[in-house]
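In this chain, numbering begins with 1 at the start of the sequence shown.
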Amino acid sequence: MQRPIPTQPHSGLGIAAFIISLSADTLLLGLIGIADLMEPTHDSVATTSAPTVLFGFIVIFATLAMVLALALGIAALVQTGRHKLFGVLGTVFAALGLISSLLLFLIGILTMEG
């Protein structure tokens, strides 16, 4: 009689990291597209307008979500007895998203007037 091969379950932290990082990366990518449409032309959009402020808050929210996903991904990688696939994917996507958002912040700072 054959005994079933025990399989390791996927890490819940890894799955959470993957979902959060993928969602935050998608949100950031969408915001980049929206930012292109919001590009001010000679003071047509003030930097304190409601859409611009809301855009900034959403970028900050997405960045914080990626920090959380990175932390969860790293925690999933150090868990024993669990599959590491989603932990690795969540960590990689969160790191790429953080690099992208930091570049966005740098571009925003460098293009500020006055």
Side-chain angles (χ1 to χ4, degrees):
M1 184 163 129
Q2 281 185 325
R3 293 177 50 179
I5 299 171
T7 59
Q8 295 177 330
H10 286 285
S11 169
L13 293 173
I15 293 171
F18 176 70
I19 291 171
I20 292 171
S21 66
L22 202 58
S23 300
D25 287 345
T26 304
L27 179 62
L28 187 64
L29 190 61
L31 289 175
I32 291 171
I34 292 171
D36 187 42
L37 299 175
M38 288 177 54
E39 184 178 334
T41 56
H42 304 295
D43 297 333
S44 64
V45 177
T47 57
T48 57
S49 68
T52 305
V53 172
L54 181 62
F55 177 82
F57 281 134
I58 294 173
V59 169
I60 291 170
F61 172 75
T63 303
L64 291 175
M66 284 183 257
V67 170
L68 174 65
L70 184 65
L72 289 173
I74 292 171
L77 292 176
V78 298
Q79 277 186 326
T80 57
R82 301 288 181 144
H83 279 294
K84 308 280 189 228
L85 174 67
F86 287 111
V88 169
L89 290 174
T91 303
V92 168
F93 289 158
L96 290 174
L98 276 174
I99 291 169
S100 300
S101 68
L102 289 176
L103 286 174
L104 243 175
F105 285 132
L106 282 175
I107 291 169
I109 289 170
L110 293 175
T111 59
M112 287 177 66
E113 294 181 27

Among the clusters formed by ILVMFWY side chains lying less than 4.5 Å apart, do [X] and [Y] turn up in the same one?
X	Y	answer
Leu96	Ile20	no
Leu29	Phe18	no
Leu85	Phe93	yes
Val78	Leu68	no
Ile99	Val67	no

Validation row: [X], [Y] side chains within 4.5 angstrom (heavy atoms):
X	Y	value
Met66	Leu28	yes
Phe105	Ile60	yes
Ser101	Leu98	yes

Which atoms form the tightest heavy-atom contact between [X] and [Y], and what is the distance?
X	Y	answer
Ala17	Ala69	CB-O, 3.4 Å
Thr111	Ile107	OG1-O, 2.8 Å
Leu89	Ser21	O-OG, 4.4 Å
Gly14	Ala76	N-CB, 3.3 Å
Leu70	Ala94	N-CB, 3.6 Å

Notebook entry, point to check: Can you list the residues that meet the side-chain hydrogen bond (donor to acceptor under 3.5 Å, both in side chains) rule with Ser11, with sequence neighbours excluded?
Noted result: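 Residues passing side-chain hydrogen bond (donor to acceptor under 3.5 Å, both in side chains) with Ser11: Gln79.
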Check: Residues two or more places apart in sequence or in another chain: which of them pass side-chain contact (heavy atoms from CB on, under 4.5 Å) with Leu77?
Finding: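 With sequence neighbours excluded, Leu77 shows a side-chain contact (heavy atoms from CB on, under 4.5 Å) to Lys84, Val88, Thr91, given in chain and number order.
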Item checked: Interatomic spacing from CG in Leu27 to CD1 in Ile32 - rounded to 0.5 Å ->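 With rounding to 0.5 Å, CG (Leu27) is 10.0 Å from CD1 (Ile32).
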Notebook entry, point to check: Distance-only, no hydrogens or angles: does the His10 side chain make a donor-acceptor pair with backbone N or O of His83 under 3.5 Å?
Noted result: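 Here the side-chain-to-backbone pair does not exist.
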